[in-house]
Amino acid sequence: MIKAVIFDMDGVLIDSEICYLQFDLAFARAKNPDVTIDQLFGMVGASKEDAWLVMEKAVNNGQTWEELRDEYRASVNVFSQVDYRAIFRKEALQVLTLLKDRGYSLALASSTQMEIILRVLNENQIRSYFDQIVSGSQFKQSKPNPEIYQYTAAQLKVAPHECLVIEDSTLGITAAFRAGMTIAALIDDRFGFDRSHADYEIKSLLEIPGILGIS
C-alpha cells in the first residue's frame, strides 16, 4: 500500500531541463560554434561530473570538464535568470492538493541545491505541501545512488515499498528503482531517457491519482 509520494523537481514539478540546456548551449557555442543541442542532451539529469564530461566532449577545445565548469559558474548566473513560475507545471498544484487531502505523506527529493529548491517551492507557493524537502547536496553521491530516496523514506517513517516516486530522468528512475520504490515516470522524449525501470509511464501529473486509485 502506498503511503507516501516523493517528487523529483527538475523535469517533474518544473519544466526546467530544456531551459537550463539553452544556457549550456550558448556557453558551448562560444567555445565551439559547431556544437548542437543534441550533443548536450547527456547533461540532462546527470551528475555534475558526468554532465560536464559531456560538455568537455562537445566543446573539444582542450579544456577539462573542471575548467569548463568553473568558467561557466564564474560567468553565467543561470538561476537568477530563470522565471520559475513560468516553467511550473500548473497541474502540480491540483495533484498536490488532492494527495494532501487524502492523507498521503509528500516529499520532494531533488539533486538540486537546497537554495534553488526552496526558491522554486516558495515562488510557486507549494512549500507547505511537503512534509520533507531533501537535496542531493546532503549526500556524497547523487542519483543514481539510491541514498537520497532511502533517506527520504526514513524521514517520512515509511518503508521503501510504501513510496511512489515521480521521476523523469534515467538517473532518477534508477535511483528510485534501486531504493525498491514504485516509480511513475513522466514521459519526456526530448532527451532519450531510459524508463525501463518505471512501473508506470505518465504523460501528465494528473495521472498520479489514477495510479493510487483515488479521484
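Quick note: numbers below take in every heavy atom, side chains included, and nothing from hydrogens, waters or symmetry partners.
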>> Less than 4.5 Å apart, side chain to side chain, heavy atoms only: is that true for Glu49 and Arg69?
In response: no

>> Any non-hydrogen side-chain atom of Gln132 less than 4.5 Å from a side-chain atom of Leu108?
In response: no

> Looking only at heavy atoms, what is the nearest atom pair of Leu186 and Gly11, with distance?
Replying inline: CD2-O, 3.5 Å

> Does the side chain of Leu98 reach to within under 4.5 Å of the side chain of Ile214, using non-hydrogen atoms?
Replying inline: yes

> What closest approach, in Å, do Ile208 and Leu99 show between heavy atoms, and which atom pair accounts for it?
Replying inline: CG2-CD1, 4.4 Å

> Is a side-chain N or O of Gln22 found less than 3.5 angstrom from the main chain of Cys19, in a donor-acceptor match?
Replying inline: no

> How far does CG of Leu96 sit from OG of Ser128, to the nearest 0.5 angstrom?
Replying inline: 9.5 Å

>> Is a donor from one side chain sitting under 3.5 angstrom from an acceptor on the other, for Gln63 and Lys31?
In response: yes

> Can you hop from Tyr149 to Ile2 via hydrophobic side chains spaced under 4.5 Å?
Replying inline: no

>> Would a single hydrophobic cluster contain both Met9 and Phe7, if residues Ile, Leu, Val, Met, Phe, Trp and Tyr are joined by side-chain heavy-atom contacts under 4.5 Å?
In response: yes

> What distance do Asn61 atom CG and Glu56 atom CD have between them, rounded to the nearest 0.5 Å?
Replying inline: 9.0 Å

>> Could you go through Asp38 and Thr36, starting from their C-alpha distance and side-chain angles, then the distance that decides it, and tell me whether this counts as side-chain hydrogen bond (donor to acceptor under 3.5 Å, both in side chains)?
In response: CA-CA 5 Å; Asp38 292 23; Thr36 66; 5.1 Å; no

> Closest heavy-atom contact between Phe27 and Leu68?
Replying inline: CZ-O, 3.6 Å

> Only one of Asp189, Asp188, Asp168 clears salt bridge (Lys or Arg N to Asp or Glu O under 4.0 Å) with Arg195; which?
Replying inline: Asp189

> When clusters are formed by joining ILVMFWY residues with side-chain heavy atoms under 4.5 Å apart, either directly or through shared neighbours, do Ile187 and Phe177 land in the same one?
Replying inline: no

> Is a side-chain N or O of Thr64 found less than 3.5 angstrom from the main chain of Glu67, in a donor-acceptor match?
Replying inline: yes

> Any side-chain heavy atom of Leu212 within less than 4.5 Å of one from Val5?
Replying inline: yes

>> Could you check, using the six-membered ring where one of them is a Trp, whether Tyr20 and Phe79 have ring centers closer than 6.0 angstrom?
In response: yes

>> Assigning hydrophobic clusters by single linkage (Ile, Leu, Val, Met, Phe, Trp, Tyr; side-chain heavy-atom cutoff under 4.5 Å), is Ile126 placed with Ile116?
In response: yes

Just distance, no hydrogens or angles: give the donor-acceptor pairs under 3.5 Å from side chains in residues 154-165, sequence neighbours left out.
| unit_1 | atom_1 | unit_2 | atom_2 | d |
| --- | --- | --- | --- | --- |
| Glu162 | OE1 | Ala159 | N | 2.8 |
| Glu162 | OE2 | Lys3 | NZ | 3.1 |

> Would Met114 and Tyr151 show up in the same hydrophobic cluster when neighbours are defined by side-chain heavy atoms closer than 4.5 Å?
Replying inline: no

> Is it true that a side-chain atom of Ser135 and a backbone atom of Thr112 form a donor plus acceptor pair closer than 3.5 Å?
Replying inline: yes

>> Suppose the criterion is side chain to side chain donor-acceptor pair (under 3.5 Å): which pairs have a residue in residues 170-187, not counting sequence neighbours?
In response: none

>> Has Asn124 got a side-chain atom pairing as donor or acceptor with Tyr84's backbone, closer than 3.5 angstrom?
In response: yes

>> Give me the atom names and distance for the closest heavy-atom approach of Ile211 to Ala184.
In response: CD1-CB, 3.8 Å

> Only one of Asp10, Asp15, Asp8 forms a salt bridge (Lys or Arg N to Asp or Glu O under 4.0 Å) with Arg89, so which one is it?
Replying inline: Asp15

>> Strictly below 4.0 Å, N to O, side chains only: are Glu167 and Lys143 in salt-bridge contact?
In response: yes

> Going by heavy atoms in the side chains, are Val54 and Asp50 under 4.5 Å from each other?
Replying inline: no

> Quick one: CG on Leu205 to NZ on Lys90, what's the gap to the nearest 0.5 Å?
Replying inline: 13.0 Å

> Of all heavy-atom pairs between Ile148 and Ser110, which one has the smallest distance, and what is that distance?
Replying inline: CD1-O, 3.8 Å

>> Can you tell me how far apart CH2 (Trp65) and CE (Met55) are? Round to the nearest 0.5 Å.
In response: 13.0 Å

>> Taking CD in Glu66 as the centre, count heavy atoms belonging to other residues, nucleotides or ligands within less than 6.0 Å. Is the count above 12?
In response: yes

> Got a donor-acceptor contact below 3.5 angstrom from the Gln81 side chain to the Asn77 backbone?
Replying inline: yes

>> So Ile87 and Asp83, do their side chains get closer than 4.5 Å, heavy atoms only?
In response: no

> Do Leu171 and Phe193 have side-chain heavy atoms sitting under 4.5 Å apart?
Replying inline: no

> Atom CZ in Phe191, atom OG in Ser169: separation rounded to 0.5 Å?
Replying inline: 10.5 Å

> Below 4.0 angstrom, N of the basic side chain to O of the carboxylate: do Arg29 and Asp24 qualify?
Replying inline: no

>> Test side-chain hydrogen bond (donor to acceptor under 3.5 Å, both in side chains) on Tyr129 and Thr97; report intermediate values, then the result.
In response: CA-CA 8 Å; Tyr129 287 90; Thr97 301; 2.9 Å; yes

> Does some side-chain heavy atom of Pro209 sit less than 4.5 Å from a side-chain heavy atom of Ser215?
Replying inline: no

> Does CZ belonging to Arg190 count more than 12 external heavy atoms closer than 6.0 Å?
Replying inline: yes

> Looking at Arg127, Arg119, Gln125, which hits side-chain hydrogen bond (donor to acceptor under 3.5 Å, both in side chains) with Glu123?
Replying inline: Arg119

> Taking Asn145 for the side chain and Gln141 for the main chain, is one N or O donor matched with an acceptor at less than 3.5 Å?
Replying inline: no

> Between OG1 of Thr152 and CD1 of Ile6, what distance do you get to the nearest 0.5 Å?
Replying inline: 5.0 Å

> Taking all atoms of both residues into account, what is the closest heavy-atom pair of Asn32 and Val59, and its distance?
Replying inline: ND2-O, 3.2 Å

>> With salt bridge (charged side-chain N to carboxylate O under 4.0 Å, His left out) as the rule and sequence neighbours excluded, what pairs involving residues 91-102 come up?
In response: Lys100-Asp131

